[in-house]
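Everything below concerns the one structure shown next.
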2 protein chains.
Amino acid sequence: MNLKELAAELHLSQTTVSRALNGYPEVSEKTREIVLAAAQRFGYRPSPAARRLATGRAHALGVVFNAERNAFMDPLFVEYLAGVAETSAKEGFDILISPSTPRDEIVSFGRLARDGTVDVVILSAPQVTDARIALLSELKFPFVVHGRPPAPAGISYIDIDNFGAFQQATSFLIQLGHRRITLINGEEHFTFAQDRSRGAAIAFAAAGLPNDLLDEHFMSMTAENAYRCARQALESDARPTAILCGSILVALGVLRAAAELGLEVPRDLSIVAHDDEMPAFPAEQFHPQLTTTRSSIRAAGARVAEMALARVAGQKPGAVAEVWPVQLIVRGSTAAAPEKV
Amino acid sequence: MNLKELAAELHLSQTTVSRALNGYPEVSEKTREIVLAAAQRFGYRPSPAARRLATGRAHALGVVFNAERNAFMDPLFVEYLAGVAETSAKEGFDILISPSTPRDEIVSFGRLARDGTVDVVILSAPQVTDARIALLSELKFPFVVHGRPPAPAGISYIDIDNFGAFQQATSFLIQLGHRRITLINGEEHFTFAQDRSRGAAIAFAAAGLPNDLLDEHFMSMTAENAYRCARQALESDARPTAILCGSILVALGVLRAAAELGLEVPRDLSIVAHDDEMPAFPAEQFHPQLTTTRSSIRAAGARVAEMALARVAGQKPGAVAEVWPVQLIVRGSTAAAPEKV
DNA sequence: CGAAACTTCCAAAGCGCTTTGAACGCTCGG
DNA sequence: CCGAGCGTTCAAAGCGCTTTGGAAGTTTCG
């Protein structure tokens with residue numbers, strides 16, 4: 001059943017029926033009720049395609065799914081998506097996943113922005129120089145970002161306090177007596193990796209320690225990379241007594257390296273990992289249970305979707321700039337540094 | 001620029017331009033070339049919304065994303081989605097994620113099917129009695145399934161050989177001398193869990209062993225659940241010498257339970273896990289490296305998307321019924337059963 | 001050479017909705 | 001008693017595409 005038929009059934013014009021259904025004020029309460037009741041009764045549902053054509057609004061938000069990158073580094077993506085889904089479901093918004101390879105990610109964004117298949121896009125893991133942000137800004141297409149944009153002015157975003165998290169974690173390790181600390185960070189071009197790097201550095205400076213004791217490595221945060229990196233660090237002469245991990249996956253690799261070298265955690269090696277709360281891989285399920293800096297990526301996804309919807313509803317870009325605190329949770333993978341280094 | 005303007009620019013009718021662009025035969029090669037060149041030059045892209053309205057085809061495939069379920073049990077979902085994305089990108093199909101909670105999952109499917117926002121849906125993890133399949137069949141809405149439908153007749157699907165995988169894994173353990181084996185399976189209502197159960201049972205029967213030596217547990221396959229289950233089994237009088245795990249996550253929980261009880265893998269306990277190839281958590285990155293039955297969920301995602309597109313193109317439901325073999329890969333988590341049980 | 005059969009192109013009618021501009025009936029102040 | 005003002009409703013014009021049913025122009029063939 002379509003609008004025309006419904007209108008005919010009610011002996012009303014399409015205009016009135018449409019307005020009644022969409023809550024416009026210029027229709028009397030009485031007829032509105034009649035219309036709503038009839039729509040209910042006939043199971044009328046307006047055609048999204050037609051509405052889209054008529055209004056130019058897609059009633060959908062876009063997420064670019066970079067298959068390569070996500071497959072390797074982002075089991076987080078599901079959690080994040082779950083958050084996005086949560087709020088978009090409330091508003092009846094669809095989520096359009098635009099697949100892409102890293103190479104043509106920018107093309108995907110262009111397509112989304114120009115095609116009108118979505119009203120707004122959510123962009124995650126911003127980079128220090130981010131072509132996607134540049135493109136969307138130029139096209140004047142609405143977007144919000146999850147993570148810290150390199151130049152946050154005029155851009156709505158939500159991020160967690162990566163700086164604070166790693167400063168806190170590093171200070172904590174220093175207080176436990178650790179001096180040589182390895183930081184296994186994400187790739188250098190991500191803003192979050194930069195923030196974490198600064199956080200750790202500041203903690204060293206604050207403790208009056210020379211920052212060459214901080215051994216920092218940037219890489220794609222896979223368990224495999226982390227394993228290699230940890231192995232190398234732990235076999236070197238200047239063996240660290242603690243390792244800061246950018247993610248739970250990194251911790252997995254580090255744990256393996258330690259186990260293979262016969263090092264016991266936390267006796268010989270302390271580990272702190274950042275945990276985005278993947279319910280599938282809870283930090284408590286590792287052995288030993290991991291000390292983490294924790295923040296919910298799902299909640300962040302939900303919030304960023306809210307922002308996206310607000311943006312569609314007319315909110316100014318740059319209206320929201322939230323930085324969520326991160327909590328340090330001490331569990332079993334950290335201990336005082338061993339006596340002799 | 002829209003079709004009308006483009007046509008005006010070329011001094012041709014919209015009809016001709018539209019046909020030229022869509023490869024219809026009733027337009028001469030010469031004009032087709034001219035049209036294509038002009039479209040290219042002006043950067044013309046037809047409006048998806050308008051096309052959708054006119055044709056009734058959405059040019060999109062739907063995936064219902066059950067946020068609750070996936071968050072806890074399906075980091076696999078990303079991998080799977082990556083596969084789907086891979087092929088749908090080739091055909092320029094969009095992927096519409098329809099969020100839902102377990103409760104109203106069926107509503108989501110109904111909405112997808114009736115709204116015309118997608119042309120076909122992909123359904124995963126079919127259950128023994130599956131309301132979703134029933135609904136879509138009744139609505140005569142095109143769908144394909146990833147996993148084994150309870151009544152496969154007239155339904156296109158692709159599945160991995162869960163039966164064979166667990167038969168093989170179980171036989172392998174029996175050959176190593178294991179007699180008491182615990183199977184930590186998925187929830188009973190999933191067809192894959194049934195298939196795995198049957199596979200293990202057959203292996204016991206084939207070896208002439210009483211099947212009460214097989215201690216089977218159905219549950220949502222989280223690390224936490226697996227941990228509890230393994231802990232209980234390993235502390236019981238009839239302690240198993242081997243545990244079959246439904247997923248890598250399950251193995252994580254089992255490893256923790258073993259570690260806490262001072263059991264060494266594989267000396268005191270052998271572990272075989274099914275591995276859907278999450279690149280984020282490779283079986284090789286565990287310590288010890290896990291013996292697994294392996295199959296690529298990503299490849300399956302890609303294939304099921306192909307089937308979905310074929311379905312849209314007019315292929316009959318039930319035309320495809322593929323069962324992919326699963327390979328047993330022996331690594332470091334299995335060994336001969338300890339001498340005295 | 002004229003009818004039949006193609007080939008190539010077009011005008012116009014939708015697809016199902018929103019939204020503009022106008023009309024209709026009423027009330028009300030002057 | 002009349003026109004202004006208001007609340008309610010409607011007819012019709014899009015939105016940008018596809019597709020039907022011809023209409024020209026070209027070739028084929030008896």
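Reckoned from all heavy atoms, side chains included, excluding hydrogens, waters and symmetry mates. Naming: A, B, ... by sequence-line order, numbering from 1 per chain.
A side-chain donor-acceptor contact under 3.5 Å links A:R132 to the backbone of A:S124. With hydrogens and angles ignored, the 3.5 Å screen pairs no side-chain donor or acceptor of A:D159 with any backbone N or O of A:V323. A donor-acceptor pair under 3.5 Å is absent between the side-chain atoms of B:S18 and the main chain of B:Q14, judged by distance alone.
Here D:dG7 presents its C1' atom at 18 Å from OH of A:Y24, a figure rounded to the nearest Å. Rounded to whole Å, atom C1' of C:dT18 lies 9 Å from atom CG of A:L3. Separating the CD atom of A:E29 from the P atom of D:dT8 is a distance of 9 Å, rounded to the nearest angstrom. Rounded to whole Å, the distance from CZ on A:R51 to P on C:dT18 is 5 Å. Atom CD of B:E26 and atom C1' of D:dA23 are 15 Å apart (whole Å). The distance from atom CG of A:L53 to atom C1' of D:dG14 is 9 Å, rounded to the nearest whole Å. A straight line from CG of B:N2 to C1' of D:dG16 spans 6 Å, rounded to a whole angstrom. Here the C1' atom of nucleotide C:dC9 and the NZ atom of B:K30 are 13 Å apart, to the nearest Å.
Ring-plane geometry between A:Y80 and A:H146 is classed as parallel, the angle between the planes falling under 30 degrees on a 0 to 90 degree scale with a further cut at 60.
Interface residues of residues 5-22 of chain A facing DNA chain D, ordered by number: A:H11, A:L12, A:S13, A:T15, A:T16, A:R19; criterion, heavy-atom separation under 4.0 Å. Within residues 34-47 of chain A, no residue has any heavy atom closer than 4.0 Å to DNA chain D.
To the nearest 0.5 Å, atoms OG1 (A:T117) and NE2 (A:H59) are separated by 15.0 Å.
Close to C:dC17, at under 4.0 Å from its OP1 or OP2, lies no side-chain N or O of A:T55. Look at A:T31 and you won't find any side-chain N or O under 4.0 angstrom from OP1 or OP2 of D:dT8.
In this structure, A:P126 and A:I133 approach most closely via the heavy-atom pair CB-CD1, 4.3 Å.
Of the listed residues (B:I158, B:V320, B:T87), just one forms a side chain to side chain contact (heavy atoms under 4.5 Å, CB included) with B:V304, and that residue is B:I158.
You'll find the side chain of B:D276 reaches within 4.5 Å of the side chain of B:S295, heavy atoms only.
Between B:F42 and B:Y44, the ring centre distance reaches or exceeds 6.0 Å.
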